[in-house]
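One structure is given below, represented as structure tokens, and several questions about it will come after.
Letters A, B, ... are given to chains in the order of the sequence lines, protein chains preceding strands, and every chain is numbered from 1. Everything quoted here is computed from the prediction, not taken from an experiment.
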There are 2 protein chains.
Amino acid sequence: METSAPGKDRQERILDAVVELLSHGGISSVSMRAVAREAGVSLGLVNYHYADKASLIAAALRRVEEQDLAIVAPDPDLSPEERLRAALARVAAPEYLTTEYLSLRLQLWSLAQAHEDFEQINTEAQKRYRAGLAALIRAARPELSRGECARRAADIDVVQNGLWLTALLGLDRASVKRSVVRCEEIALRDD
Amino acid sequence: METSAPGKDRQERILDAVVELLSHGGISSVSMRAVAREAGVSLGLVNYHYADKASLIAAALRRVEEQDLAIVAPDPDLSPEERLRAALARVAAPEYLTTEYLSLRLQLWSLAQAHEDFEQINTEAQKRYRAGLAALIRAARPELSRGECARRAADIDVVQNGLWLTALLGLDRASVKRSVVRCEEIALRDD
DNA sequence: TGAGGGATTGAACGTTCGTCCAGTTCTTCG
DNA sequence: CGAAGAACTGGACGAACGTTCAATCCCTCA
């Protein structure tokens, strides 16, 4: 039969548990035992699949970062400019603007500061995100130089990060919307 | 003689230690023992001055937030518009753009997510910061309504938070500078 | 000078942590 | 079926944790 690999489901549930705990109580609430409990799995199994706590968390972070890249994934049904607008609007989509997701991002950044391994994971993910964004801009505005696209992508990244952070600290839908518009202006303005 | 109160110095050093540990290793590296060691003080004294770990950290957070308000403190030597520009430029001043300070801010936000007491401290500080910013804008642009000033202050807060976050994750002085300019545009534009 | 009280110490307690491991169950395949 | 190996369990270990507390230090003032 073509079922999923035997240990795969449990591994996924373990990573889910890490993410769940991380986003709700911060790194302090992520212990091997809490993860096992949350995943409905024995303590030993967590250590069986992941060598130690650091690599467990690293695996969870990598999975989260992977999902994040979906934001700048080009939508094939749209024109280049619409594709860009869709990507820029996506950061304010309900699925990303939840407390749970935003809090997770914050914990992720926080971890990147405290641990070198996590910092590397985060840095690489951010680089890929910006590259995806720059590519979208370049497709929508072919006349712009590669450097200018990278510059605009960096500026948008600043506003988006601020948008997420501010949404998390005290959700203000109006200012979120204005920030999305600001990102569009940065990406598409002519000069 | 007019020296400082006896226990005051040690209390300050204890809070310094919390901030130091927090910004360098995150909340995970803040233990009562580590704080005592860093402050050059016995373990018992930390618990003597602060009822428990939570109130110790809360005290440290309150002190940091207090310092943050200095950013929007009006500079009496300048005209209203210059005063505003000075405040907006201050977020990119060398004293605030250090890894240590930025990392501290991040940990602070992260703590606000995980603990309700810390969230309240953070929320109130942010409110006061925005109010200070709005007041600066209103002084520089008296023709603007109170609501419009608050709106602009909120938008600037978004960009500034993003600026700090991005500076921390991967310092890019050029995009930092562009973001400061963007904040000035938001604050001062006519329309 | 000496009594009183705040400041300070380090040992001790019980809990929880990450890690390890001997043992058991499950799955696969000759 | 039965051997083999992967998946999985839970108890045990030492270390580190937050908290408590009796004891000591140090300053002040009567």
Q) How long is the line joining CE of A:M32 and C1' of D:dG11, in whole Å? A) 16 Å
Q: Name the closest nucleotide to the A:L45 side chain, picking from D:dC8, C:dT19, D:dT19.
A: D:dC8
Q.
Check this for me: does any side-chain nitrogen of one of B:R90 and B:E95 sit under 4.0 Å from a carboxylate oxygen of the other?
A. no
Q) Quick one: on DNA chain C, does A:L43 or B:G44 contact a more 5' nucleotide (nearest heavy atom)? A) B:G44
Q) Rounded to whole angstrom units, what separation is found between the CD1 atom of A:I14 and the C1' atom of D:dT9? A) 13 Å
(Q) Tell me the interatomic distance from A:N47, atom CG, to C:dA22, atom P, rounded to whole angstroms. (A) 15 Å
Q: Look at the side chain of B:Y48 and decide which nucleotide, out of D:dG18, C:dG6, C:dT19, has an atom nearest to it.
A: C:dG6
Q.
Using whole Å, what does the distance between atom C1' of nucleotide C:dG18 and atom CD1 of A:I57 come to?
A. 11 Å
Q) Taking atom CD of A:E116 as the centre, does the number of heavy atoms from other residues, nucleotides or ligands within less than 6.0 Å exceed 12? A) no
Q.
If I take atom CG in residue B:D52 and atom P in nucleotide D:dC21, what distance separates them, rounded to the nearest angstrom?
A. 15 Å
Q) Separation of B:I27 atom CD1 from D:dC17 atom P, in whole Å? A) 12 Å
Q) Side-chain N or O of B:H49 less than 4.0 angstrom from OP1 or OP2 on C:dG6? A) no
Q: Would you indicate what A:V30 reaches in the nucleic acid, counting non-hydrogen atoms under 4.0 angstrom: base, sugar-phosphate, or nothing?
A: sugar-phosphate
Q: Say whether B:S110 and A:Q107, considering side chains only, have a donor N or O and an acceptor N or O under 3.5 Å apart.
A: yes
Q) Between B:R10 and C:dT9, does any side-chain N or O lie under 4.0 Å from OP1 or OP2? A) yes
Q. Which listed nucleotide (C:dC17, D:dG18, C:dT9) is nearest to the side chain of B:S42?
A. C:dT9
**Q.** Over 12 non-hydrogen atoms of neighbours within 6.0 angstrom of CZ in A:R173
**A.** no
Q: Check the distance between C:dG18's C1' and A:H115's NE2 and give it to me in whole angstrom.
A: 13 Å
Q. So, is B:S31 close to the D:dA16 phosphate, meaning a side-chain N or O under 4.0 Å from OP1 or OP2?
A. no
Q: Step through the shown structure and confirm whether more than 12 heavy atoms of other residues, nucleotides or ligands are within 6.0 Å of CD on B:E124.
A: no
Q.
If I take atom OH in residue A:Y50 and atom C1' in nucleotide D:dA7, what distance separates them, rounded to the nearest angstrom?
A. 14 Å
